[in-house]
Amino acid sequence: MEIVWSHSFQLNGHCMNKKLELVPYEVTVRNPKKTTLVSCSLQNNATSFQLAKNPFEKSSYTHGFLTTKSVMDVSKVNSMVKEYTEDGFFEDAIRVYLDFIEYGFPVEFRFFPCLIKAYGGLCDVSKGKQIHGHLLKFGFLEDVYVKNSLLGMYWKCGAGGDAVEMFERMQERDLVSWNTMISGFCQSGDYVKSLTMFGRMVKERGGECPNRVAYLAALSSCGSIQCLTHGEEIHGFLVKNGLHSDEFLVSGLIEMYMKCGDIKNAENVFERIRDNDLVGRNRVVWNVMILGYVSNECLSLALDLFVEMLELGITPDSPTVVTLLVLCSQLLDLAVGKQIHGLILGLSLDDVRVGTALMQMYFKCGDPETGLQMFRRSQYYNLVMWGSVMSNCAQNGYPNEALQLFGEFMLDYGFPDPVILLAVLRACSFLTLKPRGMEIHGLAIKMGFDSDVFVGGALVDFYGKCGDMKYAQQVFHGLSTRDLVSWNALISGFAQNKCADEALMAFRDMQTEQIKPNTVTMACVLSGCSHLSVMILCKEVHCYLLRHWPETNALVSNSLISAYAKCGDIHSSWTVFEKLPVRDEVSWNSILLALGMHGHTNEMFATFEKMKEANLKPDHGTFTTLLSACSHAGKVDAGWKYFNSMMVDYTLEPRVEQYTCMVDLLGRAGYLNLAYDLIMTVPCSPDDRVWGSLLASCKHHGDTKLAEVVANHIFDLDPSSVGYRVLLANLYEDSGNLKEVSRVRTEIKYMGLKKQPGCSWIEVDNSIHIFVAGDHSHDQSEDIYATIEGLSLEMKRVGYIPQIQTASNDYWA
DNA sequence: GTAGGGTTAG
């Protein structure tokens with residue numbers, strides 16, 4: 001086994017709504033595919049981590065080794081302390097020292113700088129305070145080096161307060177003391193205090209010029225809070241002190257300007273040093289410049305600069321290629337991505353970050369198989385990489401793989417982070433795996449991440465998708481902060497579960513809490529309106545959109561087209577469609593669906609032709625819409641034409657939805673055997689809806705014999721199906737086979753099955769009237785039934801056989 | 001002997 005590299009990293013504190021300032025230690029091990037946190041203690045919150053112990057850990061120092069082996073030489077002991085600290089084995093470093101003094105050797109000054117660093121590595125203030133006391137006891141606290149080391153130790157342990165307290169009490173401060181404080185504030189995210197400290201330093205040290213360390217930290221703080229004014233001020237200092245060509249400070253300046261979005265000034269700094277033989281050829285300066293362009297979305301400028309860099313013979317390193325891979329992921333440019341991959345292989349640039357970025361690039365650029373392969377073949381693994389692969393699988397249609405990977409991950413690590421929980425919840429959401437997702441919820445609670453805004457949002461979404469709005473609301477109300485995503489998850493949950501009133505209520509509450517809705521919110525709200533089929537709501541939302549969203553947006557407009565159609569106002573749908581400046585596939589699909597739904601079949605066919613003329617590619621959804629409309633309009637020939645065109649002209653393999661439409665089309669038109677044969681040739685396994693459609697057609701055409709065959713297929717797939725048993729019973733009733741009617745109905749009773757009666761409603765003058773079959777509770781029901789009777793007579797007269805539900809529904813009431 | 005630049009996941 002070989003330790004490849006080791007470094008410390010910061011657990012992303014923001015995910016937990018708490019600032020985690022302590023730094024765990026991470027070791028990457030070559031060969032065994034695991035990376036494990038070796039030491040990590042999170043002090044400043046209640047969360048306790050069960051950390052997986054690295055089974056491949058470098059053999060540790062054995063207690064008592066010094067005494068038994070008589071390795072007593074002071075300088076040898078000192079170098080052991082140093083070596084262990086450098087390798088990250090802080091406890092061993094400390095043990096060596098403790099053994100040494102326990103054995104009676106005199107405390108020596110030269111141990112301390114390194115020893116204090118080891119205590120810093122433990123990330124445990126209480127232990128850090130022990131060494132502080134120890135130093136006090138032996139009188140080593142007068143030395144400014146020791147004091148500076150202690151300041152650094154406190155910052156590393158996340159105890160900035162202790163560092164500040166000590167710093168303020170220091171009689172004598174040197175440049176390093178100040179720098180430690182400025183960097184300490186900066187690294188723990190307290191950028192304003194870092195800048196304040198920088199200002200104090202300049203003032204209190206009587207105009208003495210700060211060195212590179214202070215300037216770098218100050219510039220980094222300016223960039224992080226996008227404080228251009230102070231950044232420019234520091235730039236001025238640097239020019240005044242002749243430091244503006246220092247290669248470190250040049251990259252610091254460029255980074256600061258880029259983070260502030262001031263590309264012009266970043267370019268000015270870069271242009272000034274470009275021809276400098278030393279700084280102009282500094283790879284980091286180029287990297288910072290390219291990264292700056294990428295983060296400011298100047299993607300082609302970034303790519304140009306990279307090409308120039310290659311032309312000048314400056315060899316890219318891993319940060320360069322990682323940035324370039326991110327760029328490819330944003331451009332969705334697989335071709336360039338593959339070239340970078342080639343470059344990586346040529347330059348042997350393999351580390352965990354390169355591996356992660358490469359994998360991400362393949363996923364984002366539409367080649368998830370290679371992305372997964374990259375992960376499986378990687379030599380390096382860490383939390384980030386695991387998180388990345390699971391998120392990508394969950395988002396790119398591989399939810400089962402995401403769950404499989406999660407299982408493997410848990411065996412290795414034993415604990416997830418918020419990103420991983422988010423990815424797994426998405427997978428469970430996608431697959432509507434309620435019990436599995438609830439296990440994850442339990443885990444999230446155990447880890448203290450359930451109130452995290454991201455995990456919480458995903459939980460709300462998950463429960464919504466699983467149809468459990470009670471739990472979704474419970475999680476939502478337990479969130480400490482609710483962002484747009486969590487509100488959208490709640491509203492979309494209500495909309496999807498047909499709780500349109502609640503969706504609209506949540507939309508109002510959201511605005512009361514001053515959260516600005518986005519396009520996703522509006523699409524969900526409109527979907528709620530269409531479920532209610534209440535026109536006035538639809539209009540209200542449309543007015544809201546006109547007031548608040550002057551610019552048209554595809555997502556929102558498409559939802560509006562569908563919502564108006566579902567509320568019965570096809571003209572408004574058409575107007576919205578006509579006014580769209582740019583129409584995407586979804587816009588065309590929405591208007592086609594609207595036309596089909598309203599029986600405007602010929603207009604729909606014409607619109608489909610226009611869609612093709614506009615060079616938009618029909619997808620599975622388009623054909624489902626077309627076929628479904630053909631089926632309702634009885635247009636068998638047109639249906640066959642589209643079904644074939646789908647396969648021949650657009651190389652779309654029909655899915656179960658399109659087969660269902662075709663079966664429905666043939667069945668309704670009376671070609672029952674043809675429909676049956678079609679089902680038997682379906683390559684994807686037919687579901688109960690395909691068979692159900694044929695059963696309905698059998699009823700319509702009175703084919704009891706085929707109905708029995710079809711029904712058996714359905715009951716094989718779903719033995720508890722009630723609706724289809726009722727349908728079968730009604731079919732027997734139609735054919736006068738009362739014996740069978742009673743058999744099926746007894747069966748339903750015996751099985752304890754109940755059918756939820758369906759209902760219809762209509763909006764008249766802003767009030768909604770609801771009807772169920774055989775219902776006479778409406779105060780105008782006599783008039784209503786008389787009208788139905790009149791209409792049926794009229795239908796019979798023109799040759800239709802009306803299908804009016806008779807009142808015999810008492811057995812399921 | 002103390003402080004010390006750039007890159008990855010939702």
Side-chain angles (χ1 to χ4, degrees), chain A residues 9 12 14-15 78 81-82 108-117 120 143-153 155-156 163 174-184 186-187 210-217 219-220 223 246-256 258-259 282-292 294-295 316-326 329 349 351-361 363-364 375 380 382-392 394-395 417-426 452-455 457-458 485:
Chain A
F9 82 106
N12 249 347
H14 76 275
C15 293
N78 194 30
V81 172
K82 235 170 143 180
E108 279 219 25
F109 181 79
R110 61 164 121 166
F111 283 119
F112 293 126
C114 197
L115 192 65
I116 296 168
K117 207 175 190 175
D143 187 84
V144 72
Y145 279 77
V146 169
K147 281 187 174 168
N148 290 342
S149 302
L150 281 172
L151 286 179
M153 181 277 292
W155 280 114
K156 285 233 162 57
D174 66 3
L175 263 183
V176 176
S177 326
W178 286 97
N179 292 347
T180 308
M181 294 307 283
I182 298 165
S183 313
C186 175
Q187 278 162 17
N211 70 6
R212 185 194 263 170
V213 180
Y215 279 124
L216 280 171
L219 283 170
S220 162
D246 175 287
E247 51 185 332
F248 285 76
L249 290 168
V250 163
S251 60
L253 276 169
I254 295 174
E255 195 202 352
M256 180 275 294
M258 284 297 199
K259 278 193 178 158
N282 181 314
R283 189 193 291 153
V284 178
V285 172
W286 285 78
N287 286 349
V288 176
M289 209 44 211
I290 296 172
L291 175 73
V294 172
S295 33
D317 60 357
S318 24
T320 328
V321 295
V322 167
T323 309
L324 261 292
L325 288 168
V326 171
S329 304
L349 295 172
D351 65 35
V352 68
R353 291 170 194 269
V354 172
T356 307
L358 199 55
M359 175 182 84
Q360 169 91 352
M361 182 279 292
F363 269 109
K364 288 271 178 317
F375 179 76
Y380 310 98
N382 69 3
L383 263 181
V384 176
M385 196 171 198
W386 277 100
S388 173
V389 71
M390 286 181 236
S391 307
N392 277 302
Q395 279 174 65
D417 78 346
V419 179
I420 290 168
L421 285 173
L422 188 79
V424 185
L425 279 170
R426 282 194 166 187
D452 170 86
V453 69
F454 293 108
V455 175
V485 177

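Just the heavy atoms: all of them, side chains too, but no hydrogens, waters or symmetry mates, feed the values below. These numbers come from a predicted model, not from an experiment. In what follows, chains carry the letters A, B, and so on, assigned in the order in which the sequence lines appear, proteins first and then strands, with residues in each chain numbered from 1.
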Any A/Q360 side-chain N or O less than 4.0 Å from OP1/OP2 of B/dT7 = no

NA contact type, A/D246, heavy-atom cut-off 4.0 Å: base, sugar-phosphate, or nothing?
-> nothing

Counting only side-chain N and O atoms of A/Q187, is one of them less than 4.0 Å from OP1 or OP2 of B/dA3?
-> no

note: A/R110, atom CZ; B/dT2, atom C1'; distance rounded to Å ~ 17 Å

To the nearest Å, how far apart are A/K156 NZ and B/dA3 C1'?
-> 9 Å

Touch check for A/Q395, heavy atoms < 4.0 angstrom, all strands: base, sugar-phosphate only, or nothing?
-> sugar-phosphate

Using modelled atom types only, decide if a donor and an acceptor are shared between the side chain of A/D317 and the backbone of A/T320 within a distance under 3.5 Å.
-> yes

A/K364 atom NZ is separated from B/dT8 atom P, nearest whole Å, by 14 Å

Taking side chain as C-beta onward, heavy atoms only, is A/F109 less than 4.5 Å from A/V146?
-> yes

From CH2 of A/W155 across to P of B/dA3 the rounded distance in Å is 15 Å

Can you find a donor-acceptor pair, distance only, under 3.5 Å between A/N211 side chain and B/dG4 base?
-> no

Please report, rounded to the nearest Å, how far the C1' atom of B/dG10 is from the CG atom of A/L421.
-> 11 Å

Nucleotide nearest A/D417 when distance is taken to its side chain, options B/dG6, B/dA9, B/dT2 | B/dA9

Given side-chain contact (heavy atoms from CB on, under 4.5 Å), test A/M181 with A/L151 step by step and report yes or no.
-> CA-CA 8 Å; A/M181 294 307 283; A/L151 286 179; 4.1 Å; yes

Would you mind reading off the distance between A/L383 atom CG and B/dT8 atom P, rounded to a whole angstrom?
-> 17 Å

Can A/F112 be classed as stacking with the base of B/dG1, given a centroid separation cut-off of 5.5 Å and a plane angle cut-off of 30°?
-> no

Can a donor-acceptor pair under 3.5 Å be found between the side-chain atoms of A/N392 and the base atoms of B/dA9?
-> no

Closest of B/dG6, B/dG4, B/dT2 to the A/P319 side chain is B/dG6

Does the side chain of A/L291 reach to within under 4.5 Å of the side chain of A/M258, using non-hydrogen atoms?
-> no

Pick base, sugar-phosphate or nothing for A/L422, based on heavy-atom distances below 4.0 Å to the nucleic acid.
-> base

Backbone N/O of A/F248 and side chain of A/S251: donor-acceptor pair under 3.5 Å = yes

Whole-Å gap separating P (B/dT8) and CE (A/M385) | 15 Å

